[in-house]
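To keep things clear, I will list the structure first and then write my remarks on it.
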Amino acid sequence: MKKILYLVLFITSTQLSLAQECKLKGSVADENGIPVTDASVSIFDSKNEGKGFLFTSNAGEFEFKLPCGEKYDIEIEQSGFETYIENVDLTENINKKIKLAKGKEISLKETIVKAQQAIKVKGDTIEFDADSFKVGNEETLEDILKKLPGIEVQNGKVMYKGKPMSQVTVGGREVLGGNEKLLNKNLPSDAVSKIQLNTKFKSNPFASSLQEDDEQFSLNIELKDDMKRLAFGNVTLGGDTDKHTDAQAKVFYFSEKTDATLINDFNTFGKQVFDQDDYISFFGGYSEFNSEGSIYSLRGNSNNLNLMTKNDAPSMNTYNGAVHFGVEPNKKLKISGFGLLNTNNIRYNSKSERYYNNIETPYTTVDQEQNKSNVLMGMSRLRLDYNPNDKGQIKYRLNFNYLDSENEQLVDSYYNDQKNSFRNVNSEQKNYSLSQTLSYIRKVGRDDNVGLYFRHQYQKDTPDYNVLSTTNPFSSFDLFKNLSQVNNQFNINQDQNFVLNTAQVYGIYNHLLTNTSNLKIKAGTSFSTQDFDNKIYDFKNLMNNNLLISNTDLDYNETFADVTLTKKIGNFQVDAGAGVSFFNEKSKYQDGEKLNRSETKVLPHLNLQYKFNNATSVRASYTQNYSYPYTKDFNDSYTIQSYQSIFYGNRNLRQALTHTASINFNHFNSFTFFNVFANLSYTLQEKSIQTQSVLNRDFIISGNDTIVNNYQFNTLINSGNNQETYSGYFMIGKRFAKWYNARLTGNISTSNYYTITRNIEYENGVVTNDDLKNVNNKSFNQTYNLENSFTFKKKFELKAGVNLNLSKYQSLSEQKFTNWRPYGEAAWSATSKLLVQTDFSYRLQYRDGVEINTAKEWNASARYNIARKTYLTVTGGNLLGNNIIVSNSFTDNYISTTTKNVLGRYFIVSLRYKF
C-alpha cells in the first residue's frame, strides 16, 4: 500500500515540475511615469473567459502565472484614466511597462456599444456576469460559482483566497437564514444575472479599517429583472419494494422584502439532510458563538445537542423538518426566524472487545450489544436587526433548544469467552436551553464607537439512568454491596437534575488614536447560578446515604476589564493587551458545608501579523485563558456515569490556566491557482483538570465459573504535571491545467500528560492486589490526504486520492494503529439528460503491524432527465454488501475494538420534480 502512495506522490511531483507556465509581469504608470496603484488588472483568454484579476501594488506592479502558448487580453482600469486593452501572445515570460492616458470627459449624448464584459472591477467589488460563465449544463447557482476564477466551492460553502464568505446576500439582503449552502444548491442558475464579490467587506459597519483589519469577503447575487420575485424548489418521492422510503419537499420563496423556506424529509437509509455547518448556519454562523465577553468558560458545556446521528445503522427512520421566514418591512428593520425538528429511530447490533493488558495476567471481555435509540430534537431562533440611523445598530437574538433522547442497550457479557452476565441499560435525557443576546453599537464622531451587550442563558438538563443486571455491577463497593436481588436480578435507577442560569453585561469602546493605531477597552461582569441534584434508587427505593445523594449549589461572579492597543506599521500590525478578572465563588454542599473563594487573574494576549502582499501573510498569536469547573465537578458524592463507571467530584478543584501560542502562514494566489496554508500551535495547561481513575476488578469464583466485574471510580484533579500539546496542519493545492487539480493536506498532533491510575483486584470481595501509578501518557497522531481532481471536456469528473492515518499511544502499554483508505469519485454526463455517479473506497486497518480489518464500499447512481423539470434516479448503496465497521480506541486501562453492524446493500428508485 505504501508503494501506491509513493507512486501517487511521485506522479504529482512530476506533474508539478513539468507544468508549463509563463509569467506575465508588468508595471503601470501615468504619463509622467508615476506608478498607478490599485488599478484593476484583468486577464481574458481567446474565449473571453476570465483567467485572473488583481490590483496593482504600491509600486504599480502586477504579476500573473498563466499557461504558455496562448493569447490573452490585458485590460487595465483605474478611475481618472482611460481603459487600457492589449493582446499578448504568451510564448515566454513577458515583462511590460504600461502607461495610462488620462480619461476624457464624455458627453451625455454619446452612446458606447460594447459586448458584455465577463468580469468588471468596481472599486472593492469584482462583478461576474453569470451568462458569460454558463455552458448550458448548469442547474443551480453552485454550478456557476464553481466556474468563476479565484472562487472555490466546498460542500456548498463559497471560499475566496481560502477563506469562507462572511456574508452571502441576494439583492443586498440576507435570505434563507444566511444558509448559503441551501441557496447555492437550490437557486436556479437561469435566475442569476450578476455575482458580486466584495473584497473589503466589514461585518461591523461602524468599525474603522484598523479595528477590523482581517480580510473578510461577501457575495451578493443579483437576479434577472423578471425573476425578482421567485418561488422554486423540488419534490422527491422514492423507495424500494422492501423497507426503504425516500420522501422530500423543499420550497423556497423570496422577493425584495420577504423570503421563506420549508423543508421536509423522511428517509430510512441514512441520507443526510443537514450537517454540522447547516446547524451552525441556522444559528447565524460561527461568529455568533464567539462571544466578545469575559474569559468565563464553563468546562465541557453539557448543552451539546446531539446534532449528528448515526447514518449507517441497519434500521433507521429519520425525519427532518425546517421552516424559516425573513422580512424587511423597511430599510431600518430586519426580522427573521427559523424552527427545526429532527427525529431519529435507530436500531443496530455491535460487539465491544476490551483487552486489559496492563496487569500481570491479561484478559479480555466481550460485550454483545443490541442498541436502540430514539431522539427528538428541536431548535428555533428569532433575529431582529434595527438601524435607527446610519450611526447606530440594535440586534436581538433569541435561541431555544430542546432534546429528548432515549437509549436502550441489551448486553450479553463474556469474560475470556465465558458468558459473564446479562444487563439491560436504559437512559433518557431531556435538555432545555434558552439563550438571548441584546446589543447596541453606536458610532460616536469620526474616531470612536461604543458597543453595549447583554447575554443570558438558561439551561435545564435531566438525564436519567437505569440498569437491570444479573450481576451487581459494583459488587466490591461498600455502598452497593447490599443491593437487593429479585429473581436473580439487580435494579439500579439514577435521577439527575442540573440547572444553569447565566447573565453577562459588558461594554466595548474603540478609539482610533491615529490612522495607524487604535485603543480598545472592554469591561463587564458575569453572574452564574448552578444547581445539581442526584438521587440513586435500589428497586425504586431511595438509597438514603449522604454519599449517594447530591445537592450542590454554586454562585459564581466575575468582573473583568481588558485593554488592547493596535498599531500598524506598513504591512506589519501588532495587537497587544491584557485583561484582569476578579472571580468570586460561593458553593454549598449536601453536607451543609459552604465555601467562599476569591481570586484575581491577569491574562496577557498578543497578536502579530505581517502581509507580504495581497496573496501572502503570516500571523502569530499568544493568549492565556482559564477554564472553570461545573457544579457537577465540585460535587463529591457518588454518581453513576455508566454500567462500568462511577464518578465523584472534588470540591477543592480549581481553575486551569491554558497558554496557547500559534503561528500560521497563508498564501493564496487565485491567478496561478496555487495555495499553501500551514499552522503550528502549542498548548500548555498548568494545573490542568485531569481524570484520576481507580479500576476495580472483582473476580467472583463459583465452582468452575468465574464472573468478573470491571468498574472504575473517576474523579477530577488539578494535575501537578503540566499537559503539553503540539499540533500542526498544512494544505497545499495547485491547479496544473484547466482539467487537473491536486491537493495535499495533513494533520499532526502530539500530547504529553500524566494521569493517576490505581488498579485494585478482588477475589470474592477480598483485595488481592492494589497498584497505584502516576502514568505518563503520550500520543502521536498523523493524518494525510492526497486528492487529485480531473475534469475532461466538462463531461467527466474524477476524484482519486488516498488517506493515511497513523496513531501511536503510549501509557502503561504501547499501541500503534495504521489506517489506509484509497478512494475515488466519478461523475459522467453521458448525455445532456443522463448523469452517472459512483464512489469507491477501500479501508485497511492494522494494529501493531497486524491486519485487523478490511472494508470495501461502493455506491453508484444514475439520474435521467425524463422531462424538462422531472428526474428519475436509481441509487445503489453499499453494493459490495459490507455489513460491519471496525473501530479502535485506547484508554489508560484497556484497548478497545468495536465491531458495529451497518446498513447493507440497498437500491432506491426516486422521482424528483424541480420548479
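Just so you know, these numbers use all the heavy atoms, side chains as well, and skip hydrogens, waters and symmetry mates.
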- Message: Any carboxylate oxygen within less than 4.0 angstrom of a Lys/Arg side-chain nitrogen, looking at Lys99 and Asp30?
- Response: no
- Message: For Glu142, is there an ion pair with Lys185 - N to carboxylate O distance below 4.0 angstrom?
- Response: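 Yes, Lys185 and Glu142 are salt-bridged.
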Not counting sequence neighbours, which residues clear ring pair (Phe, Tyr, Trp, His ring centres under 6.0 Å) with [X]? List them please.
{"X": "Phe572", "answer": "none"}
{"X": "Phe612", "answer": "Tyr610"}
{"X": "Tyr726", "answer": "Tyr682"}
{"X": "Phe730", "answer": "none"}

- Looking only at heavy atoms, the pair that brings Tyr823 and Val802 closest together is CE2-N, 3.7 Å
- Under the side chain to side chain contact (heavy atoms under 4.5 Å, CB included) test, residues paired with Glu31 that sit two or more places apart: Ala101, Lys102
- Task: Identify, with sequence neighbours excluded, every residue that meets side chain to side chain contact (heavy atoms under 4.5 Å, CB included) alongside Asn741.
- Result: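 If we apply the side chain to side chain contact (heavy atoms under 4.5 Å, CB included) test to Asn741, skipping adjacent residues, the hits are Arg735, Ser789.
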- Item | Among Lys568, Lys567, Gln573, side chain to side chain donor-acceptor pair (under 3.5 Å) partner for Thr516 |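 With Thr516 as partner, Lys568, Lys567, Gln573 yield a single side chain to side chain donor-acceptor pair (under 3.5 Å), made by Lys567.
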- Message: If the test is side chain to side chain donor-acceptor pair (under 3.5 Å), which one of Asp562, Asp575, Thr623 qualifies with His605?
- Response: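 That would be Asp562.
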- Could you give me the CA-CA distance, side-chain angles and deciding distance for Leu223 and Ser193, then say whether side-chain contact (heavy atoms from CB on, under 4.5 Å) is met? CA-CA 5 Å; Leu223 302 180; Ser193 173; 5.9 Å; no
- Look at the aromatic rings of Trp739 and Phe790 and report parallel, tilted or perpendicular, splitting at 30° and 60°.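 The arrangement is parallel - the two ring planes meet at less than 30°.
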- Item | Glu70 atom CD: more than 12 heavy-atom contacts under 6.0 Å | yes
- Task: Show the numbers, then the answer: is there a side-chain contact (heavy atoms from CB on, under 4.5 Å) between Phe62 and Ile98?
- Result: CA-CA 11 Å; Phe62 65 87; Ile98 299 170; 4.2 Å; yes
